[in-house]
Number of protein chains: 2
Amino acid sequence: MATRTDAPTRREQILKEAARLFAERGFHGVGVDEIGAAVGISGPGLYRHFPGKDAMLAELLVGISDSLLTGAKRRLAEADGVRDSGAVLDSLIEGHIDFALDDRPLITLHDRELDRLRDADRKMVRQLQRQYVELWVGVLREVYPALAEPAARSAVHSVFGLLNSTPHLGRPGSLPGRAVTASLLHRMARGAFAAVGEAR
Amino acid sequence: MATRTDAPTRREQILKEAARLFAERGFHGVGVDEIGAAVGISGPGLYRHFPGKDAMLAELLVGISDSLLTGAKRRLAEADGVRDSGAVLDSLIEGHIDFALDDRPLITLHDRELDRLRDADRKMVRQLQRQYVELWVGVLREVYPALAEPAARSAVHSVFGLLNSTPHLGRPGSLPGRAVTASLLHRMARGAFAAVGEAR
DNA sequence: CAGGGCGGTTAGCGGTCGTTAACCTGAAGG
DNA sequence: CCTTCAGGTTAACGACCGCTAACCGCCCTG
């Protein structure tokens, strides 16, 4: 896998700034002129790169969902043959935490602006999200075989809520350090799963 | 305490519908005409009840924060003299879950549209939220005295993320039953706290 | 029975937004 | 050296939105 070192393209600049602005003020709260200004061009210049404002949001949301799912599939494949399903769950949690800590604006958008998409795009995003959830549910039920499927699905959604709380944890500077925060989130996620998976 | 049985006032109807619409499509995504139509009057008629669209959002957000804080204070007072701080924590969790299950649109608004408020209102909401968090942090550290304050605060925010995930758990009909869901969320919250509060 | 105000109505104004049109410029290619 | 084209620019259009103005009918009260 080639790690990118080249400069970001204009398209990528635009997407990054649009994500930040959408997360800060909401899709309808940001004008195209602002997005343009954020990358040093002005309003209508954006239309050389995207057919419209909607398309930027669509590409962001599809990209997020796709990247989450792809990462999870890769982690699952890497653990193929490994018997320890608990380790696989840990790997999924770790991947989601990395994403939540490194791409906070995207995490914010992901569950906030989905309804602003055109039907086709929204269906695609929802399908990717559903696959991602089902993948987690499968692993979770290997770790806790007594857990019924509906409960497992609810538990997964709730743990996503927990992990996606990073935007509320204060600005990156005020965090006690990335590794510490990641460890805290990881332990809480495992604890939450254990509480619902074990005993009764 | 007098339980309300009388019909809701027009003001209350408006606030309820506005909350639903804001949660569904975002503050900027909803027009005053739509809000009016939702209560059977048309657009400008709303201005007989509110000075402007912003005021509706402000009243909703201040109301949410105030009601959460007030409820928590009450629960704390009721448990005064009780030595079992774990039971107090359970009571806080229960109250938050009731709110998250019964007022899902409000829970959605609460962490989504705060930045659309005028400075004065936003400061007030943030202050109420902070008091609510600190109240939880205090109780949590009684249950787990070894827990440092910054970690406790992060843990509380994360558990709020978990409990506030109810809007993602499917429509009210598809839930496995309110009591079951509430119990699941409660156990997960306690499990998450325990994982970060106990040992290492 | 007069009258006043509560709670509506419709028309319309001013501003903003997404998008298109028309034009420009600098660099690459034959 | 001329052409082409990617990637910009500004001007402007049409739609929409929040809000105000002006008007109106019903009910309560003295």
Side-chain angles (χ1 to χ4, degrees), chain A residues 6-62 105 109 112-122, chain B residues 6-62 105 109 112-122:
Chain A
D6 37 326
T9 69
R10 172 75 8 132
R11 260 185 79 90
E12 290 166 334
Q13 284 181 48
I14 294 172
L15 284 176
K16 184 182 164 197
E17 295 301 311
R20 185 179 54 82
L21 289 168
F22 289 160
E24 282 174 8
R25 296 210 282 286
F27 180 66
H28 291 296
V30 181
V32 290
D33 289 354
E34 287 178 272
I35 304 174
V39 296
I41 70 181
S42 225
L46 296 171
Y47 287 76
R48 299 287 163 194
H49 304 276
F50 295 91
K53 191 184 165 193
D54 300 358
M56 300 178 207
L57 182 64
E59 188 158 330
L60 283 171
L61 292 186
V62 173
L109 282 187
R112 187 167 298 195
E113 307 286 357
L114 182 57
D115 297 323
R116 257 57 87 198
L117 255 48
R118 285 174 31 242
D119 274 21
D121 294 321
R122 188 171 56 247
Chain B
D6 37 324
T9 70
R10 175 64 25 121
R11 260 186 79 91
E12 290 167 335
Q13 284 181 47
I14 295 172
L15 284 176
K16 184 183 164 196
E17 294 302 310
R20 185 179 54 81
L21 290 168
F22 289 159
E24 281 174 10
R25 297 211 283 286
F27 179 68
H28 291 296
V30 181
V32 289
D33 289 354
E34 287 178 271
I35 303 174
V39 295
I41 70 181
S42 225
L46 296 171
Y47 288 78
R48 299 287 165 198
H49 304 275
F50 295 92
K53 190 183 164 194
D54 300 358
M56 301 178 206
L57 182 65
E59 188 158 331
L60 283 171
L61 292 186
V62 172
L109 282 186
R112 187 167 300 195
E113 306 286 356
L114 182 58
D115 297 323
R116 257 57 84 198
L117 254 48
R118 284 173 33 242
D119 275 22
D121 294 320
R122 188 171 55 247

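Since this is a predicted model, take the numbers as computed values, not measurements. Below, chain A is the first sequence line, B the second, and so on; all start at residue 1.
- To the nearest 0.5 Å, atoms CZ (B/Arg122) and CG (B/Asp119) are separated by 4.5 Å.
- B/Gly31 comes within contact range of the sugar-phosphate backbone alone, with a heavy-atom separation under 4.0 Å but no base atom that close.
- The span of DNA chain C lying next to chain A, judged by atoms under 4.0 Å from heavy atoms, is bounded 5' to 3' by C/dG18 to C/dC23.
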Between the protein and nucleotides 19-22 of chain D, list the N/O to N/O atom pairs that are separated by less than 3.5 angstrom.
unit_1: D/dC19; atom_1: OP2; unit_2: B/Tyr47; atom_2: OH; d: 2.4
unit_1: D/dC19; atom_1: OP2; unit_2: B/Lys53; atom_2: N; d: 2.9
unit_1: D/dC19; atom_1: O5'; unit_2: B/Tyr47; atom_2: OH; d: 3.0

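- Between the CD atom in A/Gln13 and the CZ atom in A/Arg10 there is a gap of 4.5 Å [rounded to 0.5 Å].
- For the atom pair NE2 (B/His28) and CG (B/Leu57), the distance works out to 9.0 Å, reported to the nearest 0.5 Å.
- A/Arg11 places a side-chain N or O within 3.5 Å of a backbone atom of A/His49 that can act as its donor or acceptor partner.
- A cation-pi contact links B/Lys53 to B/Phe27, judged by a cut-off of 6.0 Å to the six-membered ring centre and 45° from its axis.
- Nearest heavy atoms, B/Ala19 versus B/Pro105: O-CB, 3.9 Å.
- Rounding to whole angstrom units, CD1 of residue A/Ile14 and C1' of D/dA6 are separated by 13 Å.
- Listed here is the closest heavy atom pair of B/Leu60 and B/Leu15: CD2-O, 3.7 Å.
- Of all heavy-atom pairs between A/Leu21 and A/Ile35, the closest is CD1-CA, 3.9 Å.
- Residue-level contact check: A/Val39 touches neither bases nor backbone, having no heavy atom under 4.0 Å from any strand.
- At whole-Å resolution of the value, NE2 in B/His28 and P in D/dC16 are 19 Å apart.
- Mapping B/Phe27 and A/Leu46 onto DNA chain D by nearest heavy atom places A/Leu46 closer to the 5' end of the strand.
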